[in-house]
Amino acid sequence: MKTKEKDVEQMVQITESGLLSLVASKLKDRLLFPEKVEEAKKIFTKIKFSEL
Amino acid sequence: MTFPIYQIQPQSISETGIKYFFISKGPNDVVKAVEYFYFADYNGRKVYNLKFGDYNIATDKIDDKNCTDNGDAYHVFNTVLSTVPEFFNSFADAAVMVTGSDSSDEFEQGCGQTCRRKNCNSICRKKHQRIRTYCSYVSREYDSLLKEFEFYGGIQTRDGTVIERFIKNKLYESVLLIKK
């Protein structure tokens, strides 16, 4: 008789600094806010500086 | 005066900017991402856009519109601000532009669809909330900040954004700062 096999999610413990390092390496080459950069570019193309 | 801040780990720097990460503590632990991204030049200075949001590890997505509700808004805000001097340590000749993620018309439209406030019909009270927080912080701390930084405020007009020297207690749609 076969027993049912159940997938069990593996939980690992990680320190906060370890987690942040992991996140940093994962997001290293990614632009995080692409839409916002486009918005900022739009603002900047039509920018005028009053007397500073 | 000192403000409580979360610990930030130094991250790798590239030509396009720098990222910082920290963990917001509350009912949930939330990874926060702060990014300075180079997007324009002005007067020989590279201009970087400052943004921050939540990083969801499970979905691998960044969200800068979400209200985390972790009960530590000022703690988070102070931590984001603490990255500014750090940033200028690496990019001394740069300029930083700050805008609110809740200042766009898209935000207002989206907010209007789920708005529960009855008195929010004509003006969205949540719009510009973030940049308002930045402006009031700069206004409050202006005299001490002025020793190290110069501030400019951006006002949206029909013909574009007009930048002027920052005036205390005035609400701007964007804030530009450089290190003296």
Side-chain angles (χ1 to χ4, degrees), chain A, chain B residues 6-12 14 16-17 19-23 25 29 31-35 37-43 47-53 55 57 60-65 97-101 103-104 106 150 152-165 173-174 176:
Chain A
M1 190 177 147
K2 274 187 180 177
T3 54
K4 277 188 184 174
E5 278 181 28
K6 200 176 175 183
D7 287 335
V8 180
E9 277 187 51
Q10 291 277 326
M11 301 284 276
V12 288
Q13 263 202 331
I14 188 167
T15 61
E16 284 184 8
S17 60
L19 174 65
L20 292 178
S21 300
L22 196 72
V23 170
S25 67
K26 207 171 173 189
L27 300 178
K28 193 181 171 194
D29 298 317
R30 201 198 296 181
L31 171 56
L32 304 184
F33 306 99
E35 290 168 22
K36 301 300 164 190
V37 171
E38 286 312 309
E39 276 176 27
K41 279 182 187 171
K42 264 190 216 168
I43 292 174
F44 226 75
T45 50
K46 288 186 189 172
I47 214 157
K48 284 177 196 165
F49 285 79
S50 69
E51 279 181 49
L52 298 176
Chain B
Y6 289 113
Q7 199 176 353
I8 296 176
Q9 276 185 238
Q11 303 302 333
S12 61
S14 72
T16 56
K19 297 180 187 86
Y20 301 94
F21 300 97
F22 61 94
I23 298 171
K25 298 280 193 179
D29 282 1
V31 176
K32 297 277 183 183
V34 182
E35 183 177 48
F37 192 83
Y38 163 55
F39 72 97
D41 291 281
Y42 180 73
N43 253 354
V47 187
Y48 291 78
N49 187 34
L50 164 60
K51 284 286 162 199
F52 80 96
Y55 176 61
I57 299 166
D60 192 29
K61 292 212 167 114
I62 296 276
D63 186 352
D64 67 337
K65 293 182 187 78
M97 191 167 98
V98 184
T99 53
S101 58
S103 292
S104 65
E106 289 79 26
E150 280 178 26
Y152 302 91
I155 307 155
Q156 242 175 305
T157 67
R158 261 186 289 173
D159 303 323
T161 300
V162 177
I163 299 281
E164 64 179 24
R165 272 197 196 279
E173 276 125 7
S174 52
L176 198 72

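Below, chains carry the letters A, B, ... as their sequence lines are ordered, and counting in each starts from 1. Any value given below was found using the heavy atoms of this structure, including those in side chains, with hydrogens, waters and symmetry copies removed.
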J.: Roughly how far apart are Lys48(A) NZ and Thr161(B) OG1, rounded to 0.5 Å?
T.: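 Lys48(A) NZ to Thr161(B) OG1: 10.0 Å, rounded to 0.5 Å.
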J.: Can you tell me how far the NZ atom of Lys46(A) sits from the CD atom of Gln156(B), to the nearest 0.5 Å?
T.: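 The distance works out to 9.0 Å.
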J.: Checking heavy atoms, do the side chain of Tyr55(B), its backbone, both or neither come under 4.5 Å from chain A?
T.: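 Contact with chain A is through the side chain of Tyr55(B) alone.
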J.: Does any heavy atom of chain B fall under 4.5 Å from the side chain of Glu35(A), the backbone, both, or neither of them?
T.: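 For Glu35(A), the contact with chain B is made by the side chain alone.
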J.: Which atom names give the shortest non-hydrogen contact between Ile23(B) and Leu19(A), and what distance separates them?
T.: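 In terms of heavy atoms, the two residues are closest at CD1-CD2, 3.8 Å.
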J.: In terms of heavy-atom pairs under 4.5 Å with chain A, which of Asp60(B), Val162(B), Thr157(B), Thr16(B) leads?
T.: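 Heavy-atom pairs under 4.5 Å are most numerous for Asp60(B).
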J.: Nearest 0.5 Å please: distance from the CZ atom of Phe21(B) over to the CG atom of Leu32(A).
T.: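 Reported value, rounded in 0.5 Å steps: 5.5 Å.
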J.: Aromatic rings Tyr42(B) and Phe49(A): how do their planes relate, parallel, tilted or perpendicular, breaks at 30° and 60°?
T.: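 The arrangement is parallel - the two ring planes meet at less than 30°.
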J.: Testing the basics here: between Lys36(A) and Lys51(B), what is the closest heavy-atom pair and its distance to 0.1 Å?
T.: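 Closest pair (atom of Lys36(A), atom of Lys51(B), distance): CB-CE, 3.5 Å.
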J.: Taking all non-hydrogen atoms of both residues, which atom of Phe52(B) and which atom of Phe33(A) are closest, and how far apart?
T.: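 In this case the closest contact between Phe52(B) and Phe33(A) is C-CZ, 3.5 Å.
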J.: Please look at Ser25(A) and chain B and tell me whether the side chain, the backbone, both or neither of the residue comes under 4.5 angstrom of a heavy atom of that chain.
T.: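 Neither part.
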J.: Using every non-hydrogen atom in the two residues, find where Lys28(A) and Lys19(B) come nearest and quote the distance to one decimal.
T.: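 Closest heavy-atom pair between Lys28(A) and Lys19(B): O-NZ, 2.8 Å.
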J.: Under 4.5 Å from any heavy atom of chain B, what part of Lys42(A) do you find: side chain, backbone, both or neither?
T.: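 It is neither, since no heavy atom gets under 4.5 Å.
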J.: Looking at every non-hydrogen atom in both residues, tell me the closest pair between Phe44(A) and Ala40(B) and how far apart they are.
T.: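 Taking every non-hydrogen atom into account, CD2-CB, 3.6 Å.
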J.: At a heavy-atom separation under 4.5 Å, does Phe39(B) approach chain A through its side chain, its backbone, both, or neither?
T.: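 The answer is both parts of Phe39(B).
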J.: Less than 4.5 Å to any heavy atom of chain A: does that hold for the side chain of Asp41(B), its backbone, both, or neither?
T.: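 The backbone, not the side chain.
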J.: Let me know if Ile155(B) has heavy atoms under 4.5 Å from chain A in its side chain, its backbone, both or neither.
T.: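 Neither the backbone nor the side chain of Ile155(B) comes within 4.5 Å of chain A.
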J.: So, for Glu35(B) and Leu31(A), which heavy atoms are closest and what is the spacing to 0.1 Å?
T.: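 Of all heavy-atom pairs spanning Glu35(B) and Leu31(A), the closest is OE1-CD1, 3.6 Å.
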J.: Between Ile43(A), Leu27(A), Val37(A), which residue shows the highest count of heavy-atom pairs closer than 4.5 Å to chain B?
T.: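 Among Ile43(A), Leu27(A), Val37(A), the one with the most close pairs to chain B is Leu27(A).
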J.: To the nearest 0.5 Å, tell me how far Phe22(B) CZ sits from Glu16(A) CD.
T.: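 Separation between the atoms: 12.0 Å.
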